[in-house]
Amino acid sequence: MQKIGILDNGIDQKRLERDVENKVIIEDTVADRTGEIDLSVCEHGTICALIIEKYLDECSLHCVKILDENGKGNLNNMCIALDYYNRNNIYILNNSMGTTYFQDKKTMRKIINHYGNKGFIIVAAASNDGFITYPASFSNVIGIEAGESFYTDQEKQFQKGIDFIAPSNHKITIEGFSFYLGKSNSYATPYVVSMVGKLIGEKGIMSIDDMRALLAAKRTTFIYSPDWIEKAWISPLYVGRTTEFYFEVEDKDLSECIEDIDTLVLCDLTEINEYIDLKKHIVYLGNEIIKSLDNGCRFWGIETRRVQILSSKKKNGDIDIPVICCVFDKEADIIKELCELKNLFACSGYNAFTGCNLVDSPLYDIEYLPYDLVIPEKLDDFIYWQTYYQQSDLIIIGTKRGVDLSMLHEEGFDMRIDFKYIDESIVVAISIDGVFAQEIMYSCIDEEAIKGVYRFIIDRYEKKEDK
């Protein structure tokens, strides 16, 4: 009998045929079994439980009330709930909680990566508004949207991380009254949870990647960014940067920390051949084209992103948010400067889609944009849809000097910012719509210089919006 955990707004026991652990609520910092749930406001969680009960005969249902009567919750409660399920050996979860707000991504990812590495199979509903949702879009979560039948939509998987489309118009009965549910991602999700429960009952415990492959029923390519890492071992061949990875790094020799890491960051084929049998996820920073590795673990490399870009559907129009190009001399650490600029915008509430063509950029939360591997038209298609689904406010693309900028964005840039080393100083030259606007001199590319660029961009576009 499979234990199924439900993250929702509670369950009304009287409406189900089986017993439910339905008195677990979040009180301050703990999951409390003694708290009382207001059964008048938990219809959503109850319906999810009824759907699982309808399609999965052998299971026990467990519920942590993580959402209020308006379907709202907070990220701290997500962590508390997953800790409760972990302590009670409940690893199959139906999750109705998600966020499309970009500032929540880092916190949600850290929580999910911690428990994902403990073997959780989290099936999560995407937002009904169609935007990228966290955690449904993450690689260690099975993301669901509603449709007429169960299948994989490759475009949605590549662009939004939605693994499966599933039916939500289930017939359920409450207090003797039968009715069909409407289209809702939250009601498609428990249908997939029941499928997960059946497969584990038939085949035993498995990883979420093996489960995803079984659910697909046929060979399907699932593509993600390397967003799953909690703790990694970094190849000694890697030349690091002066900014921090988004994850923890193990500094010991690999033989001493192999049990403590989930991912290997490798730089050449010799390392892959040496370490592939260790059964760890791999991020490959080499230039070779590798489509996948047959080791049952996740793999990411330059080909992964190239395929994702080439699979993007044609954009519907022009990109209508500011597109800014930062051009650096070879001596600059592009990723460091882009991270600082992106974070400044985030602190002001602006979601800056920020990318460059350095293959290690995703390890620092910067998008990898291999303009040398794809045609400009497809790169523009990819950026168009990513910025739409991520609800971006502006686009910042960094590159080394000497690159044909039309390869990065064929429509042309709204603003170009050149960081030039002249003698012992840095000159920041800014052009708007191809016309020179301002030049500022700094002693180096430091926090002051990046803040100066940030303030210029903010002043320019906030004043433009005021008009």
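This one's a predicted model, so the numbers in the text were calculated from it and none came from an experiment.
Listed for the Thr107 side chain is no donor-acceptor partner under 3.5 Å among the backbone atoms of Lys105. Side-chain atoms of Asp446 come within 3.5 Å of backbone N or O of Glu448 as a donor-acceptor pair. Checked by atom type and distance alone, the side chain of Lys336 never pairs as donor or acceptor with a backbone atom of Arg241 at under 3.5 Å. Although no hydrogens or angles enter the test, the distance criterion places a donor-acceptor pair under 3.5 Å between the side chain of Asn273 and the main chain of Leu269. In this structure a side-chain-to-backbone donor-acceptor pair under 3.5 Å is missing from Lys342 to Thr354. Between the side chain of Asp318 and the main chain of Asp320, no donor-acceptor pair closer than 3.5 Å is present. Side-chain N or O atoms of Asn117 include one that pairs as donor or acceptor with a backbone N or O of Asn113 at under 3.5 Å.
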For Glu337 and Phe328: C-alpha separation, side-chain torsions, deciding distance, then whether side-chain contact (heavy atoms from CB on, under 4.5 Å) applies. CA-CA 10 Å; Glu337 314 311 338; Phe328 297 88; 3.8 Å; yes
Given side-chain contact (heavy atoms from CB on, under 4.5 Å), test Tyr187 with Lys183 step by step and report yes or no. CA-CA 8 Å; Tyr187 298 152; Lys183 187 175 182 179; over 6 Å; no
Show your working on side-chain hydrogen bond (donor to acceptor under 3.5 Å, both in side chains) between Asn185 and Glu145 and close with a plain yes or no. CA-CA 5 Å; Asn185 297 341; Glu145 282 191 5; 5.0 Å; no
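Taking the six-membered ring where the residue is Trp, Phe150 and Phe164 present parallel rings, their angle staying beneath 30° rather than reaching 60°. By the 30° and 60° cut-offs, the orientation of the rings of Phe120 relative to Tyr115 is perpendicular. Phe245 and Tyr238 have tilted rings, their planes meeting at an angle from 30° to 60° on a 0 to 90° scale.
Separating the CG atom in Asp380 from the NZ atom in Lys315 is a distance of 4.5 Å, to the nearest 0.5 Å. The CG atom of Leu93 lies 12.5 Å from the OG1 atom of Thr189; values are rounded to the nearest 0.5 Å.
Under a cutoff of 6.0 Å and an axis angle of 45°, Lys313 and Trp385 form a cation-pi pair.
In this structure Asp365 satisfies the salt bridge (charged side-chain N to carboxylate O under 4.0 Å, His left out) test together with Arg109, sequence neighbours excluded.
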